[in-house]
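Every chain is numbered from 1 and lettered A, B, ... according to where its sequence line falls, protein lines coming before strand lines.
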Protein chains: 2
Amino acid sequence: MAYLAEQGTLHRTPIGDFPTEAGATVVGAEIAYRRFGEFRGTAYANNVLVVEHALTGDSDAATWWDGLIGPGLALDTDRWCVICTNALGGCNGSTGPSSPHPEGGAWGSRFPALSIRDLVEAERKFLETLGIYHVHGIIGGSMGGARTLEWSLMYPTYLNAACVIAVSARASAWQIGIQSAQISAIIRDPDWHDGDYYDICRGPVTGLAAARRIAHLTYRGEMEIDERFGTIAQQGENPLGAYRRPDQRFAVDSYLDYQGIKLVERFDAGAYVALTEALNRHDSGRGRGGMNKALYSSAVPTMLVGVDTDILYPFHQQEHLSRNLGNLLGLYKVVSPVGHDAFLTETRQMDRILRMFINKTTDGAEPTDGFGHDPEGVWAI
Amino acid sequence: MAYLAEQGTLHRTPIGDFPTEAGATVVGAEIAYRRFGEFRGTAYANNVLVVEHALTGDSDAATWWDGLIGPGLALDTDRWCVICTNALGGCNGSTGPSSPHPEGGAWGSRFPALSIRDLVEAERKFLETLGIYHVHGIIGGSMGGARTLEWSLMYPTYLNAACVIAVSARASAWQIGIQSAQISAIIRDPDWHDGDYYDICRGPVTGLAAARRIAHLTYRGEMEIDERFGTIAQQGENPLGAYRRPDQRFAVDSYLDYQGIKLVERFDAGAYVALTEALNRHDSGRGRGGMNKALYSSAVPTMLVGVDTDILYPFHQQEHLSRNLGNLLGLYKVVSPVGHDAFLTETRQMDRILRMFINKTTDGAEPTDGFGHDPEGVWAI
């Protein structure tokens, strides 16, 4: 067994030169990760759960899934060794557009286009570098769900089970459209400089914030946003003045501006473009005789989870997956006004669902859901 | 009776200095319009139907509602005089940001912010200038629906009946968010020049196209777009190459680019901002003791129409209107994968609905629906 990072701390692992699906190479790639819980077992039989983060997420899964990963929680770190990598192409430790290029400067426009399969392939190389050739389960939502699904199709013998949350079998045309609108907002920013802004300026932060504003409207349920903000004016501002002024806003615009500012502070525009492009290329059917044939071929027991009010990945997309996947553990619905983000915010429902996933994929012992309720009480098909 | 424009031709009518709801003035405002069918009756009892266009629509209603307005059609121009104005603030003849300012140059940034109520008020002044003080009905979808609803609340004795299509009682926070994202795309364009680009450059056409791309994704159903385009590459392009390139697109991106280009050719960015801002300010409850009180006070017999797959104005918003409007003629649902635009494209269903509207608001004679079917066969509550 190779060295494992100290619990909770970020560690970078070189995986060598990485060839992409489309034929380019990321020279000297590194994958950063965190682990939570002690590794037990062998390279081929162990207690590893891989958790896959969403687009702008990172390896600190115990934070963004607060209440779900830890001692005694659904993903119980007294029992499991949870490993979460930062996606290749991102900006939280793994090699991405903002990383130093071996020949100097940042990768910038030299960074190749990645697919979801590339992200999975890089993660597999990373795990094997650690000496891990099999894991118990892989779990992820949104972009993490796309990676989880691809894991189950690319390396079905690598995992006992998959939990695919709030995602689709492939990017829909609507998703490509709204995601391309976000990429467009960034590359139309004069500070984009074709992606080579790292040594020139602070970068296309206005464009990135605009992209996030659009994205956020697909991450949240429209009724929830309306219940919170309605047509209320931002405090101290008057959006109904005699002339339109960008500094006189409705409360919802202030909220969305804030979402943009928050992202700019923690995320790189080049990484946002790279990973959004990977989402555009998500297509489980590519090179496999079509989507439904690919799904039907899946041998991995797979649990599906969706959100009833998800605008970005509507529930019918998880229903579609459930009709076509070869080895379905079940389809569960998070019922929430929150929309897509509910898989991050509805901790109580996700707790039950993840406990069921663990239970269904282990020894069949009765699950303990921490609430004294029958965990089957969640919505299930 | 004042002079009426020759059938189908555009005519401009001065309405004098126009004070806006928020306290500015459009000096020397003009309203352009077309009419279809002969006027019959008096200033207070006549055969006028006012049809209200959507955001980027215009007065040529017989074209954009092809198959619904004309001799023998649902809005039968042998029987009715259909009048359709261009909205104040637009760019198709009525005064807007691109119109000449009395002191020289285009209005540009001097053009004040308008509300939906302003658009209605300008239209009322226009009608009274023509010598029309009452109409039989007002009918409109989307922004036209918002105007129709405001007509029924501002001037309930001015019309016998209203048909409010694919709109809400007020802008929702989600709508404000996505609409502000469109305004933002335009004003971030370096060619915007704070709205005063008319004498400098060709204008913020890139920003306008980007705004339209975003908007179009709310005008169409996500399943319909996916059925048409899926993940197909645009012919002759490869969106899966080794590096992301904006000229190597998925078919859906090419389609959305085309929607943007088409709009740029026929619409002014300043007008787009002005009318989108008016949609942001749509709020039937403002100054009336709240939305539901305002709706309950409505005395005008009102027919409501929605589309089951509408992303922009989801059907629950028309259900909300139906629960609260004081004088409901009925709630009808257009069933279509097309989304919001279905009120423009589903001619057969709209034909039946509009015939029912005419029938319910006239002498109760049996409607003829032109298809030999019971017009009640459409979805109705």
Please flag which part of [X] lies under 4.5 Å from any non-hydrogen atom of chain B: side chain, backbone, both or neither.
X        : value
A:Pro239 : backbone
A:His316 : side chain
A:Ser180 : both
A:Arg213 : side chain
A:Glu277 : side chain

Side chain, backbone, both or neither: which part of [X] has a heavy atom under 4.5 Å from chain A?
X        : answer
B:Gln317 : side chain
B:Ile187 : side chain
B:Tyr255 : neither
B:Phe250 : side chain
B:Ser172 : both
B:Ser109 : backbone
B:Ile232 : neither
B:Arg228 : neither
B:Asn280 : both

Check: A:Ala274 main-chain N/O paired with B:Arg244 side-chain donor or acceptor under 3.5 Å | no
Atom pair CD (B:Gln175) and CG (A:Leu217), whose distance is rounded to the nearest 0.5 Å = 11.0 Å
Using a cut-off of under 4.5 Å on heavy-atom pairs, state which of B:Leu256, B:Ile214, B:Thr231 scores highest against chain A.
-> B:Thr231
